[in-house]
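Here the structure comes first, spelled out in structure tokens, and everything after it is commentary.
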Amino acid sequence: MQSKGKLLVVDDEKIALKNLVHVLKKEGYEVTGAQSGTAALALIESQPFDVVLTDLKMEKVDGMQVLKKCHERSPDIEVIVITGYATPGSAVEAMKKGAFYYIAKPFRLDEVRQVVGEAMEKICLKRENRQLREQIESYEGRVKIITQDAHMLRLLEMAKQVAPTDCNVLITGESGTGKELFARYLHYNSARADGPFLAVNCGAFSEQLLSNELFGHEKGAFTGALALKKGLIESAEGGTLFLDEITEMSPAMQVKLLRVIQEREVLRLGGTSPTKVDTRYIAATNRDMQEVTKDGSFRQDLYFRLNVVNLHIPPLRDRGGDVALLCYFFLKKFAALMKKEVTEISQEALAVLGSYDFPGNVRELENVIERGVAINIGGAIEVAHMPDNLREFSVRAFKKRDGRIPSLEEQEKAYIRWVLNEVGGNQTVAAQMLGINRVSLWRKLKGYEMDGV
Ligand SMILES: Nc1ncnc2c1ncn2[C@@H]1O[C@H](COP(=O)(O)OP(=O)(O)OP(=O)(O)O)[C@@H](O)[C@H]1O
Ligand SMILES: [Mg+2]
């Protein structure tokens, strides 16, 4: 029988542990038992688990520490804690720290079966969603960057040229412009495409944690280092390591990284001999690199090493034609993901999006469409389906001088007039831009007595 998921059961009471392992194995899970918190930590570090079921109160290493370790290892592990009758407070604490559920002693085995089943289901859903996302995001194994903007097309051409070289690339641009997407594009268009693409956000960790993530450690390097852990630099061997928010790296870490890039070898924490690595580095930041190198917070020598090629991605507000294109791309993506029949965006909604300046860039637009599809009950995405700031923006954008909000008819007239003006009065092109056929446009013009425009 194929395993329904990998489960770790932790309990320092031998008989209780044996019982739980037996019952859950019968449910079809691949179950490992750990008779102490210490044993559990070592197992979590060395093997992937889907769900961890742990007693809270144990000698030395308790359930809270097991929970913490699981979250450090992967945000995808679901942890269920078992609490004693006398410690309801710790159950609440565990839930606050992100446990999936708590089971109070004495419990019924049925309850355990059900909760474990639900946690596994959540994991499967997460995985399915991720697979779907990846399927849409990668096209024949390649990343799809949607654009028709001349500047962006030149940038893509440049990315295509540097992708197959082993050059380190620095990608700059405002938040949400697509820096990580470009990094993936470079990876999947290089000879390393079959190797791993790993990403790390340098701003999301303390110095010590980031060091552990990047360089790894030997077994016994510090208390709690129960097994050898390869760092991301080593794990990205033969592939690409994406260093996001690179400017957030501390000076000490910058020195260490520079050494690794120059020497092409990495020393794990607590190690004595370095390991050769063949990893390509792509770094990204939304900060001004000139500025941070000038003020000394970022080492110039590391900057030169990373910035062999620079790709600067323009903000979305400077890529006029891309908004509508991206709208339809995301609409298709989210309609498929959410299995909904939403295929259109109303002209009014497109007009609002077209004149908005998107401080959050493509990510913000993506969120707007995701939300629009989510709350839609079929049909087109309308202005009403947009978040408050955009709805308010649309009202502000269209407010007349006397403060009155124009009717839809006035609005449509103004919009048609604007589009016609943009295309020099060419009705065929204007109809295309408006997403209607020429006859419909002609009828509208006649109906609104705009024949003469
Ligand atoms: N041209 C594009 N075509 C299709 N999808 C895009 C495009 N640009 C960005 N995206 C999508 O927008 C979202 C944000 O992009 P990404 O994460 O690459 O931005 P970022 O610049 O790394 O942002 P941050 O600085 O906040 O980390 C992602 O879901 C990405 O797939
Ligand atoms: Mg990013």
Side-chain angles (χ1 to χ4, degrees), residues 75 129-160 163 169-189 197-205 210 213 232 240-249 281-289 292 306 310-338 345 353-354 356-374 387:
N129 269 336
R130 190 175 309 139
Q131 273 167 4
L132 259 176
R133 280 190 101 92
E134 278 168 7
Q135 215 171 311
I136 288 168
E137 271 168 19
S138 64
Y139 172 68
E140 289 173 354
R142 293 189 185 209
V143 176
K144 233 179 169 181
I145 298 180
I146 308 293
T147 187
Q148 56 177 340
D149 175 71
H151 185 147
M152 282 287 287
L153 288 171
R154 276 200 302 279
L155 212 58
L156 257 181
E157 190 51 40
M158 189 164 157
K160 203 181 273 171
V169 180
L170 177 71
I171 306 177
T172 49
E174 285 178 18
S175 178
T177 44
K179 297 186 291 298
E180 181 158 349
L181 195 66
F182 263 86
R184 286 179 194 276
Y185 180 89
L186 291 170
H187 173 75
Y188 287 112
N189 285 284
F197 174 90
L198 300 180
V200 59
N201 185 334
C202 304
F205 297 94
L210 182 62
E213 282 297 303
L232 289 170
T240 307
L241 179 61
F242 177 55
L243 300 158
D244 205 359
E245 294 195 31
I246 188 78
T247 54
E248 304 311 301
M249 226 180 222
Y281 303 91
I282 299 179
T285 180
N286 52 23
R287 307 249 327 250
D288 181 346
M289 275 313 246
V292 290
L306 294 170
N310 173 226
L311 298 178
H312 181 74
I313 311 186
L316 183 57
R317 62 183 164 278
D318 291 348
R319 311 178 215 162
D322 277 1
V323 171
L325 197 64
L326 283 163
C327 279
Y328 278 100
F329 173 70
F330 290 133
L331 185 65
K332 217 169 140 190
K333 168 174 159 175
F334 291 113
L337 261 176
M338 300 181 207
I345 304 177
L353 292 169
Y356 181 63
D357 62 355
F358 288 103
N361 292 293
V362 185
R363 179 175 299 111
E364 187 178 2
L365 174 61
E366 182 172 16
N367 291 343
V368 169
I369 303 297
E370 180 174 10
R371 178 181 191 277
V373 175

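Read the numbers this way: they start at 1 and go in the same order the structure lists the ligands and their atoms.
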Next item on the list: Answer whether the closest heavy-atom distance between the side chains of Asp149 and Asp318 falls below 4.5 Å.
Entry: no
Check: Side-chain contact, heavy-atom cut-off 4.5 Å: Val368 with Leu353?
Finding: yes
Notebook entry, point to check: Can Gly173 be said to touch ligand 1, with heavy atoms closer than 4.0 Å?
Noted result: no
Notebook entry, point to check: Side chain of Asn361, backbone of Pro315: donor and acceptor closer than 3.5 Å?
Noted result: no
Next item on the list: Give a yes/no on ligand 1: does Asp322 have at least one heavy atom closer than 4.0 angstrom to it?
Entry: no
Next item on the list: Using a strict 4.0 Å cut-off to heavy atoms of Leu181, name the atoms of ligand 1 that fall inside it.
Entry: 2 (C), 3 (N), 4 (C), 5 (N), 6 (C), 7 (C), 8 (N), 9 (C), 10 (N), 18 (O), 31 (O)
Check: Would you say Lys179's side chain and Gly173's backbone share a donor-acceptor pair under 3.5 angstrom?
Finding: yes
Margin query: So is Thr177 touching ligand 1 or not, going by heavy atoms under 4.0 Å?
Written below: yes
Next item on the list: Could you pull out, from Lys144, Glu174, Arg184, Arg363, the option with a heavy atom nearest to atom 26 (O) of ligand 1?
Entry: Arg363
Next item on the list: Look at Arg287 together with Glu245 and state whether they make a salt bridge at an N to O cut-off of under 4.0 Å.
Entry: no
Notebook entry, point to check: Does ligand 1 have any atom sitting under 4.0 Å from a heavy atom of Phe182?
Noted result: no
Notebook entry, point to check: With atoms numbered from 1 as shown, which atoms in ligand 1 lie under 4.0 angstrom from a non-hydrogen atom of Ile145?
Noted result: 1 (N), 3 (N)
Margin query: Looking only at distances, can you tell me whether any N or O atom of Ser175, backbone or side chain, sits closer than 3.5 Å to an N or O atom of ligand 1?
Written below: yes
Checklist line | Thr172 versus Asn310, side-chain donor and acceptor atoms under 3.5 Å | finding: yes
Next item on the list: Mark up the atoms of ligand 1 that fall under 4.0 Å of a heavy atom belonging to Leu326, in ascending order.
Entry: 2 (C), 3 (N), 4 (C)
Note to self: Heavy atoms only: which of Asn367, Ile146, Leu325 lies closest to atom 3 (N) of ligand 1?
What the structure shows: Ile146
Checklist line | Any side-chain heavy-atom pair of Ile282 and Leu241 under 4.5 Å | finding: no
Notebook entry, point to check: How does Phe242 reach ligand 1, by side chain, by backbone, by both or by neither, if only non-hydrogen atoms under 4.0 Å count?
Noted result: neither
Margin query: Run Asp322 and Thr147 through side chain to side chain donor-acceptor pair (under 3.5 Å) and show every step you take.
Written below: CA-CA 6 Å; Asp322 277 1; Thr147 187; 2.6 Å; yes
Item checked: Check: Gly178 N/O within less than 3.5 Å of ligand 1 N/O -> yes
Checklist line | Glu366 neighbourhood, listing ligand 1 atoms whose heavy-atom distance to it stays under 4.0 Å | finding: 11 (C), 12 (O), 13 (C), 28 (C), 29 (O)
Notebook entry, point to check: Would Arg363 and Glu370 pass as an ion pair if we require N to O under 4.0 Å?
Noted result: no
